[in-house]
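Heads up, the thing below is written out as structure tokens.
Just so we're clear, the structure is a prediction, and the values are computed from it rather than from any experiment. When a residue number appears, it is its place in the shown sequence, counting from 1.
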Amino acid sequence: MALSQGWVKRYFKAFCKGFFVAVPVAVTFLDQVACVARVEGASMQPSLNPGGSQSSDVVLLNHWKVRNFEVQRGDIVSLV
């Protein structure tokens, strides 16, 4: 019984360490570098979502390009 309790304690401690490292890294990455968004509806047809309302496309939103003012003609810009 003591062996199983020690294993659970070590597993929980390792999980907490990984969790408290991974969450800030993931939040920083999504805020500063890029994030994933889903395009739904007819607003961007035919470039994105050509199938209509039944399907959706997934795009990567690059935060660095906008922050450094590297937006060029033909780029798709997402405003929230």
Side-chain angles (χ1 to χ4, degrees):
M1 190 68 160
L3 180 63
S4 66
Q5 295 239 339
W7 178 81
V8 171
K9 193 177 217 182
R10 282 186 292 147
Y11 178 78
F12 183 72
K13 188 176 180 181
F15 174 78
C16 287
K17 282 183 180 180
F19 180 80
F20 288 121
V21 169
V23 169
V25 169
V27 168
T28 302
F29 180 81
L30 293 175
D31 283 344
Q32 301 296 324
V33 179
C35 66
V36 178
R38 190 169 59 188
V39 178
E40 297 176 334
S43 64
M44 292 299 298
Q45 285 181 346
S47 297
L48 296 174
N49 198 9
S53 61
Q54 292 86 356
S55 64
S56 64
D57 287 341
V58 178
V59 294
L60 180 70
L61 302 176
N62 187 347
H63 295 285
W64 277 354
K65 287 272 197 181
V66 174
R67 187 169 291 120
N68 296 330
F69 302 108
E70 297 176 9
V71 179
Q72 299 175 356
R73 184 176 187 163
D75 289 348
I76 297 172
V77 178
S78 171
L79 302 175
V80 179

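Listed by chain and number, the residues in a side-chain contact (heavy atoms from CB on, under 4.5 Å) with E70 are K65, N68 (sequence neighbours excluded).
In this structure, the side chains of F12 and K9 stay at 4.5 Å or more apart for every pair of heavy atoms.
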Side-chain donor-acceptor distances from residues 17-38 under 3.5 Å, at least two apart:
residue : atom : partner : partner atom : Å
T28     : OG1  : P24     : O            : 2.8
R38     : NE   : E40     : OE2          : 3.0
R38     : NH2  : E40     : OE2          : 3.0

